[in-house]
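Atom set for the values below is all heavy atoms of this structure, side chains included, hydrogens, waters and symmetry mates excluded. Here is how names work: the chains are called A, B, and so on, in the same order as the sequence lines, proteins then strands, and each is numbered from 1.
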Amino acid sequence: AVCARITKKMCAFQPPPAKYGGRHTVTLIPGDGIGPELLNHVKELFRFSCVPVDFEVVNVSSATEDDINNAITAIRRNGVALKGNIETLHTLPASHKSRNNLLRTSLDLYANVMHCKSLPGVQTRHNNIDIMIIRENTEGEYSSLEHESVSGVVECLKIITRTNSLRIAEYAFKLAREKGRKRVTAVHKANIMKLGDGLFLQCCREVAAGYPDIAFDAMIVDNTTMQLVSKPQQFDVMVMPNLYGNVVSNVCAGLVGGPGLVPGANYGRDYAVFETATRNTGKSIADRNIANPTAMLLASCMMLDHLKLHDYATMIRNAVLTTMNETRLHTADIGGQGTTSEVVQAIMRNIQSKGPLTSEL
Amino acid sequence: MGLNRVLFLEAEDQIKCIYIALRTSMVQDPTQFDVLVMPNLYGDILSDLCAGLIGGLGVTPSGNIGANGVAIFESVHGTAPDIAGLDMANPTALLLSAVMMLRHMGMHDYGKKIETACFDTIRDKKVLTGDLGGKSKCSEFTEEICRRVRDMD
C-alpha cells in the first residue's frame, strides 16, 4: 500500500508551468569556488541559444542562516534550481550544518541521480561504462546527529528508515523501467550493519518483487568498489544509502574521466535541483579559467529536460558532446590544453552552425 | 621507511574536497598516494578498492597490529571453497602476508628474499596461477619461488 501511494505521487509530478509568455524562472545558486564562473557560462550559453529561462540568483554564504533560507524559499517558489557547491568548512562547530545538506533535507530531495557513461572522446582505463546511480539523499550517515557523551568518545547516528528506503528503492526501479534498464543492484554493508543496512536491503527486496521484469541483486560496498575498478561494465542501475552513494558516485566519476564531466540531479516530490555530480567546490582551480564546464552544462541540460524544454536540452547537449568527442577540445583535467572559455566558445559555434535558433554573436 | 605523506580521511560534507578528490583521484591516478590512515568503514571500502587496482584479492596481503606488538597477518580473500584442495589457488596474498609478518618480527632479510623471489616470478609471467592468466598449479608456482630463493643464496 505504501508503494502504491509513493508511485502515484511520483507519476503526478509535473514541472512548474511556465509563466510570463512561456518563460520559466529557475533559482540559481552560484556557490563557491568554480560554481560562479561555470554558472556564468551557463547563463551566457542560454542567452546565446535563446533558451526561455530566466535565472533568479540567490547567493549563499556560510556565514548566516538567512541566505540558505532565502535560497530554499526561492526554490519553493520556482520549483527548480541550478547550483554550484557551497563550501562547508570542517573547522566550524558541529552545530553548523552543511548548507548543501540543509538544502537537500529541507526540500526533501530524496533521490540523487547520476548517470555515468563513457565518453568516446575521453581516454580512460575502462570503456563501455553505462551506470545509473541512485543515492538516498536525505538520511543515513548524513543525518548530522553526533554527540560526545564522554570526552574523547564520539557517537554518530546513522538513520535508516523504512519509509525512505522504500521510497528510494521505488524510485530506482521506476527509473530503471522507464529507461529500459535490465538490472538493479543494491549496495550495502548489511553483514556488519545488520539492522540499518539490513532494513535498507529488505525494503529493496520488497520493491523488487513488484518489478518482475527487472533483475535484482545485492552487493557489499567494499566488493562493489573493487568490482567497479576492475570490471565496471557489469553494473547497470545501482541503488544505495547516502554514504555509499557518495563513495560509489565518486569512483564512477573517476572511471569515466573525472569530476569535470558528470552532471547530477536531486529530485524530490515537488522540487528538483541540478548540479555537478561530485559536488566539488574546486577552490584550487577557481577563477583561473581552467575548470571543465561539461558537468555543469550537462546538468543545465538535465534541468531543461525536466522543464520539458527538450529541443533546447538536446541542442546544447549535442553541442557539448560534439565538442568533447569530435572537435576534442578538452580542458586540463582530461588531458587537454583548452581554457573554460575556449570550450564554451566552441560549443556556441557548434550551436550556431546547426540552425537559426541563436541570437547574434 | 620513508613515509612521504599521510592523509587522514574524514567523510562528512565538510572534508568533501579532500575525500572526494581522494576517491576520484584514487581511480584516476592512484600513484600520487603513499600512506593513508582512516577509520574502519572507509578502510574497508578503500582497501578493497585499492586491491582491485593492483590485481585483486589474490595478491593483496594484510596485517592486523595491536598493542605490544601482538599481530595477526592474513590475506583478505575468502575461503574459496570452489577451488579448495585442487592445487589451483594463488598463494601470493598469504605469502606476502607472511613477508609482512617476518618484517614485523625484525627478520627483514628473509622477508626481502621471499618477496623479491615472489615478485620476480610474477614479473617473469612464465609460471602463473589461473587467476593471473597462467596455467600453473599452486605447487608449481611455489616451487618456482623456492627455486629463485635457493638461487639467491
- prompt: With a cut-off of 6.0 Å (strictly less than), are more than 12 heavy atoms of other residues, nucleotides or ligands near CZ of Arg147(B)?
  reply: yes

Crowding at CD, Gln337(A) (>12 non-hydrogen neighbours, <6.0 Å): no

task: Could you give me the CA-CA distance, side-chain angles and deciding distance for Ile220(A) and Asp48(B), then say whether side chain to side chain contact (heavy atoms under 4.5 Å, CB included) is met?
output: CA-CA 11 Å; Ile220(A) 298 181; Asp48(B) 271 33; over 6 Å; no

- prompt: Can you check whether Leu243(A) reaches Leu41(B) side chain to side chain, under 4.5 Å on heavy atoms?
  reply: yes

query: If you measure from CG on Asp222(A) to CG on Asp44(B), what distance do you get to the nearest 0.5 Å?
result: 4.0 Å

message: With a 6.0 Å cut-off (strictly less than), is the heavy-atom count around CG of Asp153(B), excluding the residue itself, greater than 12?
response: yes

message: A quick test of your reading: do over 12 heavy atoms of other residues, nucleotides or ligands sit less than 6.0 Å from CD1 of Ile72(B)?
response: no

query: Heavy-atom count around Leu195(A) CG within 6.0 Å, excluding the residue itself: above 12?
result: no

- prompt: Which value, rounded to the nearest 0.5 Å, describes the distance between Leu49(B) atom CG and Thr224(A) atom OG1?
  reply: 10.5 Å

statement: Between Gly52(B) and Ser230(A), the two heavy atoms sitting closest are O-CB, 4.3 Å

Check: Met226(A) and Thr60(B) side chains under 4.5 Å, non-hydrogen atoms: no

field: Region of Lys189(A) in contact with chain B, defined by heavy-atom distances below 4.5 Å
entry: side chain

message: Around atom NZ of Lys137(B), are there more than 12 heavy atoms from other residues, nucleotides or ligands closer than 6.0 Å?
response: no

